[in-house]
Every structure is written in structure tokens, then in C-alpha cells.
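Comments concern the structure below.
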Protein chains: 2
Amino acid sequence: MRTRGPGHADTKQRILEVARKLVIKQGHANLSLRAVAREAGFSAPSLYEYFASKDEIVATIAGEIAASLRRALHEAATEAKDPRAALLAIGLAYVAWARKHPQDFLLMFSRLPSRRRALTAAPPSESPYQIVVAAVTQAHEAGVITGKPQRREHIAYALWAAVHGMAMLQLTHLAGFDADFATADKAAVEALIAGFGA
Amino acid sequence: MRTRGPGHADTKQRILEVARKLVIKQGHANLSLRAVAREAGFSAPSLYEYFASKDEIVATIAGEIAASLRRALHEAATEAKDPRAALLAIGLAYVAWARKHPQDFLLMFSRLPSRRRALTAAPPSESPYQIVVAAVTQAHEAGVITGKPQRREHIAYALWAAVHGMAMLQLTHLAGFDADFATADKAAVEALIAGFGA
DNA sequence: GCTTGACACCGAACAGCGTTAGGCTTATCC
DNA sequence: GGATAAGCCTAACGCTGTTCGGTGTCAAGC
């Protein structure tokens, strides 16, 4: 039983790189396997040596993208000077990341459900949302946010939903708008945090 | 120059009804003109007698959908007993509508930019967002919300973004979750309103 | 050293897509 | 009655993801 040849993993990686480049250039909806294959120097059916389907390629890319977003949020959280500032920073970093990587962001959320099955379940450590939950927990312990511990999940969800909505609107319905979104986003997240505070 | 025959408008309407039924059943991404034609009793090319492209069909449907959402928000606003309650009611009605008509909602926001070009510009009267703006204006006049009049647009945007994010997440990333979203959504919108209040 | 078998690739093809071209029938207008 | 246009059709183009069957190459086992 021979295992996969030595260049297999490299080729797989190259396919992913080409695919991601094309997604960034023309959006995930316009990604074609034939284009990926052409760019990578293969015929389209050859890609099936490396991935079971187009969806598997996209899913793999989505995983890489989630990790990248998670890093951005983590960085924002660690640079903040206190727990309250961290909540704001994470929220704004989420929107900023989406604006900087619009096609990546849209691809990520074009994919169907998370594997988590309940809001109360802890997100897996590789999930960007885990950063949000951790920051809310710290803010709660620091007294920035009041109420019973169960309220944490409401707050994490509210913060996430709010910035997700901002990001989505700015990338789709409000794309191209001439507006100071940075100021509007900051005001919104600050109001939300204040509303949950003491 | 003969005008279009008498049955033309009816046929057009029927095509739209079939298309919308299929969208609801299988999602806008899986809508096929051939399927619409089959269901409506035509060949696919015949649809081009009535619409210039698939996109025109989808755009027309999107317009009808927006009107339906607008009515739901309007109803929620008029039934509320005071301006503050109206803000909450509109927000929750937005999410409720999205949950009740998931495919319609996703279709509507899969379409690219609004024709409005700035947050400061007034939304057209047929836009669902116009309901939000009007409610925020009333709440501001009633003193539920404080600050300069210019702040209104921040608040309307924040409210919209928040409920849009909730709706989007519940329909995509959090689809199928076992969670009490109604409670979480209410807590979030209340916190947001409180955060913008006096 | 030869056989076996899996890997890595390919072209051809299938069923589907949105769309265009061209042609036929029917009803209306002059 | 001839012209015109509406309203419909089949055939086809170029695209999509995917499957099938085949071909060369290279490592392992005898």
C-alpha cells in the first residue's frame, strides 16, 4: 500500500493558493475549477486527485480565512489597554478585517452552518468567535459588564451580530457608499457596550 | 407600432410567481430559468419575451420582497405604544421577518448595492430602511434618544446593522442552532437603545 | 529483471446552466 | 390581402462541476 507521493501536499497547497487568489480577484461566486486548473497548470479533472469536490476546496479556504480573521481579532484584543477597550477594539477589528478582505469575508459566510449547535456551547478554539467570548468574559470579571454570568453569551452574541451586520452591509448593500463608516461603527459599538454596562 | 398583447402583463406576473415559489423552495442560488420555464409551461428562451435576463427577474422579485419587509416593519412601528417601544419592535420585526422568509431575505441581500449613495441621503420611501429612519427621528423628538440631530443617522444605522447581523447569522452561520434567539435578540436591541439614550 | 499496482495526469463526455439565433404561427393593422 | 410584430419553439454556443476510461511513470515484491 503506497502512500501518496512526496509532492502531493505541495501540489495541494498550490491549488489552494491559486484558488484563493482567484477568489480575491473575482469573488467566490465566480470561482471556476477550470480556471483554477488552468492557472495551476493542470486539467480540471486532475484537481480531483487532490480534492473530492469544489466544495472541499472552498471549505479548506474558508478554514484558512477563519484562522486569519481570528489572528486579527486576537491581535486587537491583546493590544487593548483594558477589558472595555478590548471589546471595542475587537468589534472594530472585525469590521476592518472584513473591509480589507471583502471576498474572503463573503466566502466565509456564504458557507453553511457552523459545527457548533448551540449558543451556550463553547466555540472551538480555532473559531474567531472564541476571541469575542473570551473578551466578554474578561470584561464581565472586570465589572465593565454587569449581570449574571449567563448574560455573557447574550453580550458576546450581540456584539458579534452587530459588527457582523455592519460588515455585511458595508460589503453588500452599502458597498460604494460615501460615508464615514468608521465613526458610525465606533458610535454603535460603544453604545452597545454602554447599554450592557452598569 | 403595436403594443404588447393583452395577456402580456399576466404572463409576466405568472413567471414571477413561479420564480418566487422556486426561490422559497430551493433558495435563490439554485434558481434556474429552465426550471421556471418548465413550471410555467414555457421553453426557457420564451422567458426572454418578458424579461431581459435572469437578473431582471431576480431584481423584480427583490423589489417585491423589499416591499413586503417594509410592510412588516411599518406594522410593527404603528402597533408600538411609544417611540422607544417602536424602535425595539421594528428591530425584532426585522429579525422575525427574516426568519419567516429566509430565502427571500437572503435573495434580497445577495443583490448588490442600494441605489442610495450615502448614509446621510434619505432612503427612498419604498425602502424598508425608511421605516427605521422615521422611527429614530420620532424617538429623538420624544427624547428617548439624546444628542445632536446628526446622531440620528448613526443610531438608525446601528440599529439596522445590529438586527441585520442577527438575521444573517441566524440564517447562515447559526442556522439550525438550538438557542433562544428571541431572548438574545431582545436583550441586544434593548442594550443598544439604552446605550444611545440619555 | 520483471510484474504488479497505485499515482498522477489527460481528453472526452454528461448533464446542467444563461443566453442567442433563427424560424414558425397567429393575430392585428392598413 | 399583405405587412408586421407578438409569442412561442428548437437548436446551438460556451460555460459549469463532475465522471469515465485510458496512459505513462515509478516504486515495491518476487
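These numbers come from the heavy atoms of this one structure, side chains and all, not from hydrogens, waters or symmetry mates. Throughout, protein chains are lettered first and strands after them, A, B, ... in sequence-line order, and every chain is numbered starting at 1.
One can place CD1 of A:Ile57 at 14 Å from P of D:dT16, the figure rounded to the nearest angstrom. Distance B:Lys12 NZ to D:dA6 P: 13 Å, rounded to the nearest Å. We find that CD of A:Glu56 is positioned 15 Å from P of D:dG17, with the value rounded to whole Å. One interatomic measurement links the two molecules: CG of B:Leu22 to P of C:dG16, which rounds to 16 Å at whole-angstrom precision. Counting to the nearest Å, the C1' atom of D:dA6 and the OH atom of B:Tyr48 are 19 Å from each other. Taking atom CZ on B:Phe51 and atom P on D:dG7, their separation rounds to 13 Å, with Å as the unit. We find that CD of B:Glu49 is positioned 5 Å from C1' of D:dG7, with the value rounded to whole Å. Rounded to whole Å, the distance from CG on A:Leu33 to C1' on D:dT19 is 13 Å.
In this structure, A:Lys21 does not pair ionically with A:Glu17, as no charged nitrogen and carboxylate oxygen lie closer than 4.0 Å.
Between B:Tyr157 and B:His164, the distance from one ring center to the other does not fall under 6.0 angstrom. For A:Tyr94 and A:Phe105, the ring centers sit closer than 6.0 Å to each other.
In this structure, the separation between CZ on B:Arg152 and CD1 on B:Ile145 is 9.5 Å, given to the nearest 0.5 Å. Rounded to the nearest 0.5 angstrom, B:Leu33 CG and B:Ser43 OG are separated by 11.0 Å.
Using a 4.0 Å heavy-atom criterion, one finds that B:Thr11 contacts no nucleic acid atom at all. Within the 4.0 angstrom heavy-atom criterion, no nucleotide atom of any strand lies near B:Leu47.
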Indicate for each nucleotide in nucleotides 9-15 of chain D, in 5' to 3' sequence, whether protein heavy atoms under 4.0 Å reach the base (B), only the sugar-phosphate (S), or nothing (-). BBBB---
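The two residues A:Ala19 and A:Ile57 make their nearest non-hydrogen contact at CB-CG2, 4.1 Å. Between A:Val18 and A:Val36, the closest heavy-atom pair is CG1-O, 3.7 Å.
For D:dG7, the OP1/OP2 oxygens have a side-chain nitrogen or oxygen of B:His8 closer than 4.0 Å.
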